[in-house]
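Treat the numbers as computed from the prediction; the structure is a model and nothing was measured. The sequence lines fix the lettering, A, B, ..., with proteins before strands; numbering per chain opens at 1. Values below: every heavy atom of this structure, side chains too, minus hydrogens, waters and symmetry copies.
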Number of protein chains: 2
Amino acid sequence: MVTIYDIAAKAGVSAMTVSRVINNTGKISDTTRAKVRRVMEELNYVPNHMARSLVLQQSNLLFLLITDITNPFYTTLARGAEDAAKKHGYRLLFGNSDENVEKEKDYVDTILATRADGVLVAPAGDPSLPHLETLRKHQVPFVLLDREVPGMDSDIVLGDSKEGARKLVDHLTSQGHRRIALINGSPYISSARLRLEGYKEALKLNDLAYDESYVLETAFEPRSDLSEIESWLDRMDPLPTAIVAGNNVLAVEVIRTLHGRGIRVPEQMSLVCFDDLGPYSEIDPFLTVIAQQAYQFGYLGMQMLVERIQERGESGLPWKKIVLPADMIVRRSVAALPLRK
Amino acid sequence: MVTIYDIAAKAGVSAMTVSRVINNTGKISDTTRAKVRRVMEELNYVPNHMARSLVLQQSNLLFLLITDITNPFYTTLARGAEDAAKKHGYRLLFGNSDENVEKEKDYVDTILATRADGVLVAPAGDPSLPHLETLRKHQVPFVLLDREVPGMDSDIVLGDSKEGARKLVDHLTSQGHRRIALINGSPYISSARLRLEGYKEALKLNDLAYDESYVLETAFEPRSDLSEIESWLDRMDPLPTAIVAGNNVLAVEVIRTLHGRGIRVPEQMSLVCFDDLGPYSEIDPFLTVIAQQAYQFGYLGMQMLVERIQERGESGLPWKKIVLPADMIVRRSVAALPLRK
DNA sequence: AAATATAATGTTACCGATAACCTTAAATTA
DNA sequence: TAATTTAAGGTTATCGGTAACATTATATTT
């Protein structure tokens, strides 16, 4: 590896002069600058980021931790974060925790070890608390995305999950549905809890009874094993006429399972969910969804993060919380039921 | 930031002893080890990865550079790479170049600067050559994914693009199609070139004339502006009865454009493409595709990369090339045409 | 002409860790 | 008992940069 000392020797100057040329600091004669530049090109010099960060005590690196890299919600969010980071001159790297608290911990270690200047975290869930505490303890600025973690105050960008769930249920009841089931993520994830709450509230407001057997709490990330959904469907008697899915992944798995049983959507079962399916929903605009503004989650979150970093912990501004609206897109996955009674 | 010197002072030992405890090297008494460990926990010590890498001359970090983080092909590939990296005890970070050679250069700089131990690269295209040369010059082991770059030999994982294109065209002709158009990625991308070649060859074998106006060479990544596709459709006279799309993104854009014109797929236009739409194709198995084994691209590529790294450039084994088969999944996006003449 | 300022560069110490070598006391062997 | 191992730990130099201070020659001011 070529170092500034190699450059210095070949150019007949001191290492410090090379450093000055690289960083455009101090006073350097044009002759020397040109000479050093030439030698740098000749030897293909690349600065050693680690040595630099070590002495400067900052890395200029930012991280984005997402929980499911195959989910269009998070990849769109990533694009937003990327654009905002670039705008502010930061480098952004991604990590994928796979909704797995262990992997998340590994990434937090990597983040601390590489002395990242800040992190955007979509936490795996409530059990992420210790990781966030670690970040806080080490004074790494972070902004949470999509999910709150009880016990941890911070800047955060959220979607209006409760309102979203209410809208979905209201839409279903407006189409005549009265037996409405919910398949949701883990109760250790704040957004899942709020969606359940919104669901319950909307049922009550529509004079519908809450039936525990109509609710399945499982995982937000894709599973190859659909048996949990299968047995849930077996358990419900009578079957609901409509299902609310806590996110896009669950919606897809429900559809797969239903298709396996020859149940068609929406003819025999209506379905709505949170989060769109990415650009691919355009092929066949089918699912009625709460289309969260994924790109904004990333973009606004990154903006808050950069502000925090640049403020350098001096002022201790209060934590900011952005709640993005839950907009419903009505498409074709809900059947209108004949009014009964 | 807590350092080993803080630990050492508080534990009443030397920094070297702390280092030994951390790395489980040398001989340390149980008493001392326990004492050091306790202090480390008390002070929430996290090793400084940069200082460590600086002296060890290796970072234990691997990178994966993809060109479109919103494309399920690449995210699935990323999952494969991740799993393989984890299996070998490496940390993996992601970068997204957005099919943009400039951004790709930034990432290459980051990679060099952080002294990554190796990189998995899906290159943006032929103009990526200088970046790869930079990596080579700095002796960073890398494995190419999905695309060849003329002028650069290396380990590589490819799909059988030519064969894939032939299969798609053959399938279309077998259904009676004789006017078959192609929308493809940039000719500066090897896979796009091979797909065009396969398309031409298959036309010839089927006794169909090659008509230049039936081919549109554009970009593989999503564009908000569909006017290029619009004017291509305007230009073709008569319209083709079927379109081959060079990847999933293009297929989606074609569908959007066609829908905008009230042209239905497959009733009025048949459509096939490379790469599946991720889990979401399961909702409505619609598009007939060449389903490349995205996960294997990442998994096998990572395996080759790790082998290269561990071999440490000593033996200079010949470059390895893995060509994954092009398997077609026939679904419903192709209409059977009545036989004419 | 002497005093002072300034441009251009060099020297030294340090960031946080580890390798390589060194020291010391206790344990083992001859 | 003297000689030799061994266990347990310390010292020093180094990785590749940069901040802070020092130096030198030239230019400017009085």
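Atom-to-atom, CD1 of B:Ile7 to C1' of C:dT18 comes out at 16 Å; the value is rounded to the nearest Å. In this entry the distance linking CE of B:Met50 with C1' of D:dT18 reads 14 Å, nearest Å. Spacing between atom CZ of A:Arg115 and atom C1' of D:dG17 amounts to 17 Å, rounded to whole angstrom units. Atom P of nucleotide D:dT18 and atom CG of A:Asn24 are separated by 12 Å, given to the nearest angstrom. Atom pair B:Ile4:CD1 and D:dC15:P shows a separation of 17 Å (rounding to whole Å applied). Following rounding to the nearest Å, B:Asp30 (CG) and D:dA8 (C1') show an atom-to-atom distance of 12 Å. Note: CG (B:Asp6) to P (C:dG16) measures 8 Å, nearest angstrom. Rounded to an integer number of Å, the gap from A:Asn48 CG to C:dA17 C1' is 14 Å.
Between A:Val18 and B:Ala51, the residue whose closest nucleotide on DNA chain D is further toward the 5' end is B:Ala51. For A:Tyr45 and B:Val13, each mapped to the nucleotide of DNA chain D holding its nearest heavy atom, the one lying further toward the 5' end belongs to B:Val13.
A sub-4.0 Å separation between OP1 or OP2 of C:dA7 and a side-chain N or O of A:Ser29 is absent. Between B:Lys27 and D:dA7 there is a side-chain polar atom (N or O) within less than 4.0 angstrom of OP1 or OP2. When the side-chain nitrogen and oxygen atoms of A:Gln57 are compared with OP1 and OP2 of C:dG16, one or more of them lie within a distance under 4.0 Å. Neither OP1 nor OP2 of C:dT11 sits under 4.0 Å from any side-chain N or O of A:Ser14. Taking 4.0 angstrom as the limit, B:Thr3 places none of its side-chain polar atoms (N or O) nearer than this to OP1 or OP2 of C:dG16. Within the 4.0 Å cut-off from OP1 or OP2 of C:dG16, not a single side-chain nitrogen or oxygen of B:Arg52 is found.
For the 3.5 Å distance criterion, the side chains of B:Thr25 and B:Asn23 fail to qualify, holding no donor opposite an acceptor. Inspection of the A:Thr110 and B:Arg91 side chains reveals an N or O donor paired with an N or O acceptor under 3.5 Å. Counted by atom type alone, A:Asn96 and A:Tyr74 present zero donor-acceptor pairs between their side chains at under 3.5 Å. A:Tyr295 and A:Asp83 share a donor-acceptor pair across their side chains, judged by distance under 3.5 Å alone. Checked by atom type, the side-chain pair B:Glu104/B:Ser128 shows a donor-acceptor distance below 3.5 Å. Checking B:Lys87 against B:Tyr299 by side-chain atom types alone, a donor-acceptor pair falls below 3.5 Å.
Across every non-hydrogen atom of B:Ser59 and B:Asp117, the tightest pair is N-OD1, 2.9 Å.
As judged by a 4.0 angstrom heavy-atom cut-off over every strand, A:Thr32 is placed among residues touching the sugar-phosphate backbone only. At the heavy-atom level, A:Ile28 lies under 4.0 Å from the strands shown only through sugar-phosphate atoms.
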**Request:** Quick one, give me the B/S/- string for nucleotides 19-29 of chain D, reading 5' to 3', where B means a protein heavy atom under 4.0 Å from the base and S means that only happens at the primed atoms, P, OP1 or OP2.
**Result:** BBB--------
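Residue B:Leu144 is tested with B:Leu132, B:Val157, B:Asp155 for a side-chain contact (heavy atoms from CB on, under 4.5 Å); the sole match is B:Leu132.
Counting distance only, with no hydrogens placed and no angle test, the side-chain atoms of A:Tyr5 and the base atoms of D:dG17 include a donor-acceptor pair under 3.5 Å.
The side-chain heavy atoms of A:Tyr90 and A:Met302, taken from C-beta on, include no pair separated by under 4.5 Å. In this structure, B:Leu112 and B:Val140 have side chains that are in contact, with non-hydrogen atoms separated by less than 4.5 Å.
The rotation axes computed at either terminus of the helix from C:dA1-D:dT30 to C:dA30-D:dT1 lie 50° apart, taking five pairs at each end and rounding to 10 degrees.
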